[in-house]
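Shown next, in structure tokens, is the structure this report addresses.
Chain naming here is simple, since letters A, B, ... match the order of the sequence lines and numbering starts at 1 in each. Only heavy atoms go into these numbers, but all of them, side chains included; no hydrogens, no water, no symmetry mates. Just so you know, these numbers come straight off a predicted model, no measurement behind them.
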Amino acid sequence: MTVGLDIKWALRWIALSAEAMAEHRVELIELDRPIGDSDHGENMDRGFKAVTEKIAEVLPEKPGPALKLAAMTLISKVGGAAGPLYGTAFLRAAAALGDEPEIDAAALVTALQAARDGIVARGKAEPGDKTMVDAWTPAVDAAAAAAGDGDVRKVLDAAAEAAEHGAVATEPMIARKGRASYLGERSAGHRDPGAQSSAYILRAAAEAAK
Amino acid sequence: MTVGLDIKWALRWIALSAEAMAEHRVELIELDRPIGDSDHGENMDRGFKAVTEKIAEVLPEKPGPALKLAAMTLISKVGGAAGPLYGTAFLRAAAALGDEPEIDAAALVTALQAARDGIVARGKAEPGDKTMVDAWTPAVDAAAAAAGDGDVRKVLDAAAEAAEHGAVATEPMIARKGRASYLGERSAGHRDPGAQSSAYILRAAAEAAK
Amino acid sequence: MKKLINDPGAVVDESVEGFGLAHADLVTVNPDPKYILRKDAPVAGKVALVSGGGSGHEPLHGGFVGMGMLDAAVPGAVFTSPTPDQILAATLAANSGAGVVHIVKNYTGDVLNFETAAELAQAEDVEVRTVLVNDDVAVLDSLYTAGRRGVGGTVLVEKIAGAAAERGDDLDAVAAMGGRVNQNVRTMGVALAACTVPHAGKPSFELEENEIEIGIGIHGEPGRHRIPMENADGITDRLLDPVVSDLGLASGENVLLFVNGMGGTPQSELYIVYRRAARVLAEKGVTVARSLVGNYITSLEMQGCSITVLRLDDEMTRLWDAPVRTPALRWGV
Amino acid sequence: MKKLINDPGAVVDESVEGFGLAHADLVTVNPDPKYILRKDAPVAGKVALVSGGGSGHEPLHGGFVGMGMLDAAVPGAVFTSPTPDQILAATLAANSGAGVVHIVKNYTGDVLNFETAAELAQAEDVEVRTVLVNDDVAVLDSLYTAGRRGVGGTVLVEKIAGAAAERGDDLDAVAAMGGRVNQNVRTMGVALAACTVPHAGKPSFELEENEIEIGIGIHGEPGRHRIPMENADGITDRLLDPVVSDLGLASGENVLLFVNGMGGTPQSELYIVYRRAARVLAEKGVTVARSLVGNYITSLEMQGCSITVLRLDDEMTRLWDAPVRTPALRWGV
Ligand SMILES: Nc1ncnc2c1ncn2[C@@H]1O[C@H](COP(=O)(O)OP(=O)(O)O)[C@@H](O)[C@H]1O
Ligand SMILES: Nc1ncnc2c1ncn2[C@@H]1O[C@H](COP(=O)(O)OP(=O)(O)O)[C@@H](O)[C@H]1O
Ligand SMILES: [Mg+2]
Ligand SMILES: [Mg+2]
Ligand SMILES: [Mg+2]
Ligand SMILES: [Mg+2]
């Protein structure tokens, strides 16, 4: 049996997410351009930069509190649709993890599910609506399926891979939620920026566990 | 001795001027673009179209009244700098011609001088200031010089040719009057639109006598 | 991208600072969390109106802070809704005890952030009501989508609900008046050229020399469809028809006609559009009792316009005419 | 060229017609000869103010017709000064018997056409005084040239002289007040992109992506020189410095700071410029006692701005604050 995930993982996850947002800032702006308002990469980069600063200031000691700090910072720094949605996701995940110092595969799946459910509760999007839900839902399903032998790394790898496929799968969809929905059928043929940023964030989670 | 100029000439002059303004409308707009405000061709075309209509309405019977009608119409339809300047030119020429049914070479030279003096009186430009004065002044001088043998056609040909050279000669000048003067040294290298329209109008006068 | 800015990341900070300096007689600016407050807020006994949204729509919303309109405006980053802590701070600062009405344009981001702020304010015992503005007929309205956007009608909601608050209506009445305006207002817009978001550095969409985009919103997002360029009368008809039919306007009704510039269109062109719209309404027997023409809710330097029609009743008309004293809208005082 | 117009030749007619429809409470439009008249003109006993010039600078001048400002405005073709018969008709319609002040921007065309109109009016026993506005420091002032252009300062001359007329000053006093404003006001402008005159169909000059034009006027004419793009603070300094030094502003003086948009620049950018200008003036010990920010004298959809500084004394300040009720400027009533 592999070891569980601890505060080091949580901090690395956040750090790698911040790196990914900085690295893909322009790409996420470009994805948001044809079907949105050209700010998703800017929003996420601004948000995760603020999270990084906050983490360095507070130095949380357990995964739950670390994710809660990230959540609160995203809520107060990102704005737009992504701020409250990612904020809620991290907040719910943090609540699910509670004060435990270490996370096993089952707890991890529960936390990912809570994150996804938080996004759905706030945004009311269903799978197929061309939103970040289309990355998170397959990710959560794959994570649950991979949890059998209790390896958190396998769980995270499965989630990341499924999220990546989910993001790609948003391309032909016609948006029914978020800004892209204003375009109606013209939204087809473009990848959803929030689904793509979700894939990067879940990939960061998997990398952080290596 | 050739015959003098009569009402037919005056009406043809006006008609050919109107044609020239319509034909060179875009060219005169383009000359006004780099050193002015892109309206000279539009102004002159609008003005001479109105003159043509007025002439058809009133059917003046002598050169002086015909030019006076043109003057009043230009003043009330053109606006800008060109309206009052051309208006004054035609008005002064008309006054010089008075009610005579026929114009000989001497009277013609006097009328052209009066026109030029009218432009100078209103606009206060001197030769070399890069304005229509730089077409009219050499035209008047050439007309006076050609008047010796009393041939009005020679007078008009000389005036037209001198005006054409005068217009070309404005190219290197640095403007000191009119809108082009705001550009200072940057006005050099462009032909003055008003000098060019003056050349067209004086050429129309010569053609009308043929 | 050529803009009169220093740093794409500082556009909102510097612009709001300049705004505060220029209008120090009417507003104060709180730099962090950032909001713009009516100079004499909180106004004792008065219901407070707070609105906000992404920046780049100026004069909306900051330009409408002052007597007879908003008590506070909360600017987000360019085209990005503000955050709950900003909205909460503005709500608390504006509240005199009579409660606060949030005027929220219907975008997922605005809705979610204002929702969170309202919950937080209520947790601090501040009563909040929310008026959601969703007047854009370019967007199909359905329970299963994000719904219609809030666009031009927002200005009219803020003015008329602001007047209701100023005359002393209570919290529910002010919110109800905002809702009444929203129910009677519809808008549709067109872009001749896109705008460039400073941090993006590129136009938000590309239009050929001979194309226009019909049904655009106010965030540089593309519209419903793209058509070949038409003349002003033709474009006006394309915008006005769906507005009129969605409102179900009948002969004999009174309206306010609002032709709004998107930021980069000369006023002379807005009046050419106004002329046609006024004529078409007159032909339908509709009386244009009030009008507004100008740049009031913009998309940076976008070229284009929107047409908004508000069905007026006597009370709304009186509230429209009531005194207002803000940087961007001022009369009667 | 993409514009919300029907026919390049009908832009002014249709736009002014729409303007008249939208502001029928404040003005009446005479279609031919074309002028815009204050609704209640002639105002008994009051000196009348008449201004005008080429169209394309909206809201100037029509937007400033009304109580406390102009009695009539005379629009020419786009960027072409109006004709004497238009100006004469407006002058006669506005005159109550107390005489008429012509406010004329210093361009050869405007000067000549207003001059002729003034002669014609005087021949009909109407007393006319002319205030020539020439505030543009980008242009070298000399007896041997056309002299400085009238630009942003025109708005301030019209407001302050208008207030003097409204309070009952006589003809010479109103003209003197206009002259006093002109003597104390200076302006300089910048273009980031040119405008397109409808009948010309092409931009009036071409700027590379990295160039700006310093010292532009308001007719789409090129400026004094072209420089590489700079940030907003740098550009502001380039405009403000010559204005301040030409005015000879000293520490302790009061000014009105006016940042004007050329038509295609977002308000947010104007406030970034305002912020810098206000700071620089403050550093020099100059008090910005009044401000104006927005599109008031434009060049169609040109991108850029101008900075105008007016040295204020107490009387000018009072007249600036006096009530005004026009389509584009309104306060105190
Ligand atoms: N109702 C919703 N439910 C889930 N996700 C949503 C919803 N609305 C928008 N999103 C996500 O948010 C992303 C856009 O975020 P962002 O561009 O930062 O905010 P905004 O749309 O306010 O500009 C979309 O790509 C989509 O994935
Ligand atoms: N003071 C002046 N004296 C003589 N001609 C002048 C003067 N000012 C301008 N012009 C002439 O007028 C022409 C411009 O006319 P136009 O473009 O119709 O008017 P505007 O300059 O008002 O736009 C110039 O090319 C020049 O020849
Ligand atoms: Mg976005
Ligand atoms: Mg010209
Ligand atoms: Mg956004
Ligand atoms: Mg002109």
- Looking only at C/Ser268, C/Gly294, C/Pro327, C/Gly62, most heavy-atom pairs under 4.5 Å shared with chain D are made by C/Ser268
- Task: Select one option (side chain, backbone, both, neither) describing which atoms of D/Asp7 are under 4.5 Å from chain C's heavy atoms.
- Result: neither
- Query: If only atom types and distance count, is the side chain of C/Asn6 paired as donor or acceptor with the main-chain N or O of D/Asp233 below 3.5 Å?
  - Reply: yes
- Looking only at heavy atoms, what is the nearest atom pair of D/Glu208 and C/Lys2, with distance? O-NZ, 2.9 Å
- Query: At what distance, to the nearest 0.5 angstrom, does CG of D/Leu4 lie from CD of C/Glu230?
  - Reply: 11.0 Å
- Message: Which atoms of C/Ala22 are under 4.5 Å from chain D, going by heavy atoms: the side chain, the backbone, both sets, or neither?
- Response: both
- Cut-off 3.5 Å, side chains only: do D/Tyr274 and C/His23 have a donor facing an acceptor? no
- Item | Option in D/Glu58, D/Glu209, D/His57, D/Met302 with maximal non-hydrogen atom pairs under 4.5 Å from chain C | D/Glu209
- Is chain D contacted by the side chain of C/Arg279, its backbone, both, or neither, given a heavy-atom distance below 4.5 Å? side chain
- If you count the non-hydrogen atoms of other residues, nucleotides and ligands that lie under 6.0 Å from CZ in C/Arg226, is the total more than 12? yes
- Message: With a 4.5 angstrom heavy-atom cut-off, is it the side chain or the backbone of D/Pro59 that approaches chain C, or both, or neither?
- Response: both
- Task: For C/Arg275 and D/Glu14, work out which heavy atoms get closest and say how close.
- Result: CD-O, 3.2 Å
- Which bit of C/Val11 comes within less than 4.5 Å of chain D, counting heavy atoms only: side chain, backbone, both or neither? both
- With a 4.5 Å cut-off on heavy-atom pairs, point out which of D/Gly264, D/Pro198, D/Ala10, D/Cys195 contacts chain C the most. D/Gly264
- Ignoring hydrogens and geometry, is there a side-chain-to-backbone donor-acceptor pair from D/Lys3 to C/Ala232 under 3.5 Å? no
- Message: Between D/Thr265 and C/Glu301, is the side chain to side chain contact (heavy atoms under 4.5 Å, CB included) condition met? List the steps.
- Response: CA-CA 6 Å; D/Thr265 286; C/Glu301 74 286 359; over 6 Å; no
- Item | Straight-line distance of D/Leu21 CG to C/Leu257 CG, nearest 0.5 Å | 10.0 Å
- Query: So which of D/Gln303, D/Arg325, D/Arg290, D/Met1 has the biggest tally of heavy-atom pairs under 4.5 Å with chain C?
  - Reply: D/Met1
- Examine whether an atom of C/Val293 lies under 4.5 Å from a heavy atom of chain D, and if so say whether it belongs to the side chain, the backbone or both; otherwise answer neither. side chain
- Item | Toward chain D, the part of C/Ile235 with a non-hydrogen atom under 4.5 Å | side chain
